[in-house]
Amino acid sequence: MIDVQVLRTDPDRVRASQAARGESVELVDQLLAADEARRGAISRFEQLRAEQKDLGRQIPKASGDERAALMARTKDLADLVKKASAMADELGTAFSRLLEQVGNLVADGVPEGGEDDYVVLETHGEPRDFAAEGFEPKDHLELGQILGAIDVERGAKVSGSRFYFLTGQGAELELALLNLAMSTALRNGFTAMIPPALVKPSAMAGTGFLGQAAQDVYHLEEDDLYLVGTAEVPLAAYHSDEVLDAASLPLRYAGYSPSYRREAGSYGKDTRGIFRVHWFDKVEMFVYCAPEDAAEEHQRLLAWEKEFIDALEIPYQVLELAGGDLGLSAARKYDCYGWLPTQTRYREITSTSNCTEFQARRLNIRSRSERGTSPVATLNGTLCAMTRTIIMILENHQQADGSVRLPAALRPFLGGREALVPVPKR
RNA sequence: GGAGGUGUCGCCUAGUCCGGUCUAUGGCGCCCGCCUGCUAAGCGGGUUUGGGGCUUAAACCCCAUCGCGAGUUCAAAUCUCGCCACCUCCGCCA
C-alpha cells in the first residue's frame with residue numbers, strides 16, 4: 001500500500017498517480033474522508049478507554065459503598081468503550097479497504113497511457129533474414145515436434161488445453177536453461193531459492209495479486225491456498241513480518257518455481273504452442289533493498305536480464321511500460337521483448353518491476369535505522385521464463401533441416417552439444 | 001488423520017492453578033553514562049512493536065500489543081471457545 005503520510009500531506013500526488021494508472025481519482029477524496037473519520041473514532045475510543053482504565057484501577061483499593069459506586073460507573077463506561085471500539089474498528093476497516101484499492105505511486109517519467117503506450121528504450125541484435133538464407137522459419141510448435149521436445153497433444157489429453165509436456169531434448173533444454181540462469185545469478189551474488197508454489201491468502205494479497213489480478217489466479221477452495229503465478233509471491237512473503245538488518249541489504253534471491261496462471265479472458269489469444277500456458281517454470285530474481293537504492297537496483301535487474309538474453313543470442317528490445325500497464329504494485333516496469341521470427345514481431349520474455357515500499361508495507365517488512373523501523377523496497381525481475389525462452393531459442397536458432405543451433409553459453413549444460421537435432425516421431 | 005504438550009516485549013525466563021498497583025519479573029545481549037593508564041570487571045540508567053497527541057527537535061503524554069481471533073467481566077498474560085505454529089507419540093505416505 002502507499003504511504004498514508006503522503007496521502008495526507010500530498011493528496012495531489014496520489015491523484016496524479018491514479019490518473020496515470022487510469023484509475024479513479026475520486027477514490028483519493030473518499031480516502032481522505034475515511035481517514036478523517038477513522039482518526040476521530042480512534043481518538044474518541046482512546047479517551048474513553050483511558051477514563052475506564054483509570055477508574056478501574058481505583059476499584060481494588062476502594063471498599064464498601066465507594067467500591068460499589070466505582071463499579072457502577074465503570075460499568076456504564078465499559079458500554080461506551082465497547083461501542084466506540086466497534087465504531088473505530090468499522091471505520092478502520094473501511095479505510096483499509098479503500099487504501100488497498102490504490103496502486104503504487106507511479107514513478108516520475110513513466111510514460112502516460114495504457115498497454116500500447118510503452119516506449120522502446122533499446123534494440124539489441126539483428127533478426128535473422130530467413131528469406132536470404134533460403135528457407136521459411138518454422139514455428140516453435142513445429143520445431144518442438146520435429147525435435148521431440150514439446151508435446152501439446154498429450155498435454156491436452158492429460159491436463160487440458162494450454163498444458164504441455166516437455167519431452168527429451170525439450171526437458172533437457174529447460175534443465176540447461178535452469179542451470180545457466182542459476183549459475184549466472186549465483187555469480188552475481190544471488191541466493192538460490194526453491195520456494196513453495198502454494199501460498200496463503202496473506203502472501204497473495206501482500207504482493208498485490210488479489211485485486212484486479214485475482215481472476216487470473218488459481219485458488220484451492222478446500223485448503224484456502226493459492227497457486228502462485230510467479231516466485232515473486234513466496235519470495236516477497238519470505239521476510240514478511242520481519243525487521244531486517246539494514247546492513248544486510250540488499251538481499252538478492254533467485255527463486256526457481258512453477259508459475260500457474262488461469263489466463264482468464266485470454267480465450268483465442270496465443271492458442272498455438274506453449275506461448276501462453278496455465279503452467280510454466282521460471283527463475284525469478286527478487287530483491288529487498290533500501291528505498292533510496294531501489295531505482296539503481298532496478299537498473300541492475302534489467303542489466304542482468306539483458307545479460308542473460310544476450311547470452312542466448314536472441315534479438316530483443318527493452319520497453320518501458322506506461323502507467324496504465326503497471327499492475328497494482330509497480331512504480332516502474334521494464335519488459336524485454338524477444339524477436340519471434342514466425343510472428344515477425346517482438347514478444348515479452350522478461351519483466352522487471354520496482355515496487356518501492358508498496359509490497360513491504362502490505363507484508364510488514366522493515367529495516368531498522370536510527371529513526372526507528374521503516375519499510376524496505378522490493379523489486380522483482382524475470383531471469384528465465386522457461387516456455388517463452390525455449391520458444392525464442394527454437395525459433396531464432398533453427399536451421400533449414402529443423403535442427404536448432406545452441407548458443408555457446410548453453411552448451412556446457414547440454415554435454416557440449418552444439419545443436420538440438422530432429423528425432424524420429426513416436 | 002488421532003492423542004498429548006508448548007507458545008510472555010532480540011534470546012532465555014517469572015507470572016497463568018486462585019482475574020485487580022502486571023503500569024509484565026529477573027538474567028543474557030545491546031545502547032548511554034560513571035569509574036578506570038588501556039582492556040576486562042564494577043556501578044548507574046536505558047532497551048517490544050504499532051498508532052496518535054504535543055513539540056523546531058528531543059523529552060513527555062495517551063491507546064493498543066503476552067501466538068492470532070472472538071467471548072465472559074467493571075476489570076483478562078491469567079477464565080471460556082475457535083484458529084494457527086511448533087514439539088512428542090501413534091496411524092498413513094513419496
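Chain letters run A, B, ... following the sequence lines, proteins first and then strands; every chain starts at 1.
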How close or far is atom C1' of C61(B) from atom CG of Asp54(A), stated in whole angstroms?
14 Å
Examine G50(B): is either OP1 or OP2 under 4.0 Å from a nitrogen or oxygen in the side chain of Arg361(A)? Give yes or no.
no
5′-ward residue of the pair Ser374(A)/Lys75(A) relative to RNA chain B
Ser374(A)
Check whether NZ of the Lys or CZ of the Arg Arg388(A) lies under 6.0 Å from the centre of the six-membered ring of Phe275(A) and within 45 degrees of that ring's axis.
yes
Tell me: NZ of Lys200(A) to P of C84(B), nearest whole Å?
9 Å
Report the nucleotide, chosen from U49(B), U72(B), C74(B), that has the shortest atom-to-atom distance to any side-chain atom of Arg366(A).
U49(B)
When the C1' atoms of A58(B) and G46(B) are compared, how many Å lie between them, rounded to an integer?
16 Å
Atom CG of Leu55(A) to atom C1' of U23(B): distance rounded to whole Å?
16 Å
Between G50(B) and C68(B), how many Å separate the two P atoms, rounded to a whole number?
16 Å
Nearest-angstrom distance, P atom, A24(B) to A85(B)
31 Å
Taking the same atom, P, in G82(B) and in G5(B), what whole-Å distance lies between them?
14 Å
Length of the line joining Arg38(A):CZ and G52(B):P, which is rounded to integer Å:
7 Å
Need the pair for C43(B). Rule: Watson-Crick or G-U wobble, both distances under 3.5 Å, any strand; none if unpaired.
G33(B)
For the C1' atoms, the ones on U13(B) and on U72(B), what distance do you get once it is rounded to whole angstrom?
30 Å
Which base sits across from A64(B) as a Watson-Crick or G-U pair, both distances under 3.5 Å?
U49(B)
Do the side-chain N or O atoms of Lys53(A) get closer than 4.0 angstrom to the phosphate oxygens (OP1, OP2) of A64(B)?
yes
Just the rounded figure in Å: distance from P of G51(B) to CZ of Phe95(A).
12 Å
So what does Gln52(A) hit on the nucleic acid, given a heavy-atom distance under 4.0 Å: a base, only sugar-phosphate, or nothing?
sugar-phosphate
When you check the gap from the basic side-chain N to the acidic O, do Glu46(A) and Arg49(A) get nearer than 4.0 Å?
no
To the nearest Å, how far apart are Asp241(A) CG and U65(B) P?
18 Å
Could you identify the nucleotide paired to A3(B), looking across every strand shown and requiring Watson-Crick or G-U wobble geometry with both distances under 3.5 Å?
U88(B)
Taking it one step at a time, do Glu153(A) and Lys157(A) satisfy salt bridge (charged side-chain N to carboxylate O under 4.0 Å, His left out)?
CA-CA 6 Å; Glu153(A) 288 85 359; Lys157(A) 177 178 75 177; over 6 Å; no
Between Ser183(A) and Asn179(A) (side chain of the first, backbone of the second, donor and acceptor by atom type, cut-off under 3.5 Å), is there such a pair?
yes
Nearest-angstrom distance, P atom, C11(B) to U21(B):
26 Å
Less than 4.0 angstrom from a charged side-chain N to a carboxylate O is my criterion; do Asp12(A) and Arg15(A) meet it?
yes
Nearest-angstrom distance from the residue atom CZ of Arg39(A) to C1' of G53(B):
10 Å
Inter-nucleotide P distance (G19(B), U80(B)), Å rounded
11 Å
Quick one: is A64(B) close enough that its OP1 or OP2 comes under 4.0 Å of any side-chain N or O from Arg49(A)?
yes
Of the candidates C62(B), U49(B), A75(B), the side chain of Ala50(A) sits closest to C62(B)
Is the base of G53(B) touched by the side chain of Glu46(A) through a donor-acceptor pair closer than 3.5 angstrom?
no
Quick one: which of C63(B), A75(B), U23(B) gets closest to the side chain of Arg57(A)?
U23(B)
Between P on C74(B) and NZ on Lys82(A), what's the gap in Å once rounded to a whole number?
8 Å
Any carboxylate oxygen within less than 4.0 angstrom of a Lys/Arg side-chain nitrogen, looking at Asp35(A) and Arg38(A)?
yes
Does the structure show a Watson-Crick or G-U wobble partner for C81(B), both distances under 3.5 Å? Name it, or say none.
G69(B)
Is it true that Glu297(A) and Arg252(A) make a salt bridge, defined as a side-chain N closer than 4.0 Å to a carboxylate O?
yes
Scanning all shown strands, the Watson-Crick or wobble mate of C93(B) with both distances under 3.5 Å is none
Using atom P in both nucleotides, what's the gap between G2(B) and G91(B) to the nearest angstrom?
16 Å
In the strands shown, is A58(B) matched to any nucleotide by a Watson-Crick or G-U wobble pair with both distances under 3.5 Å, and which?
none
Taking the minimum atom-to-atom distance to the side chain of Gln5(A), which one of A64(B), G52(B), A75(B) wins?
G52(B)
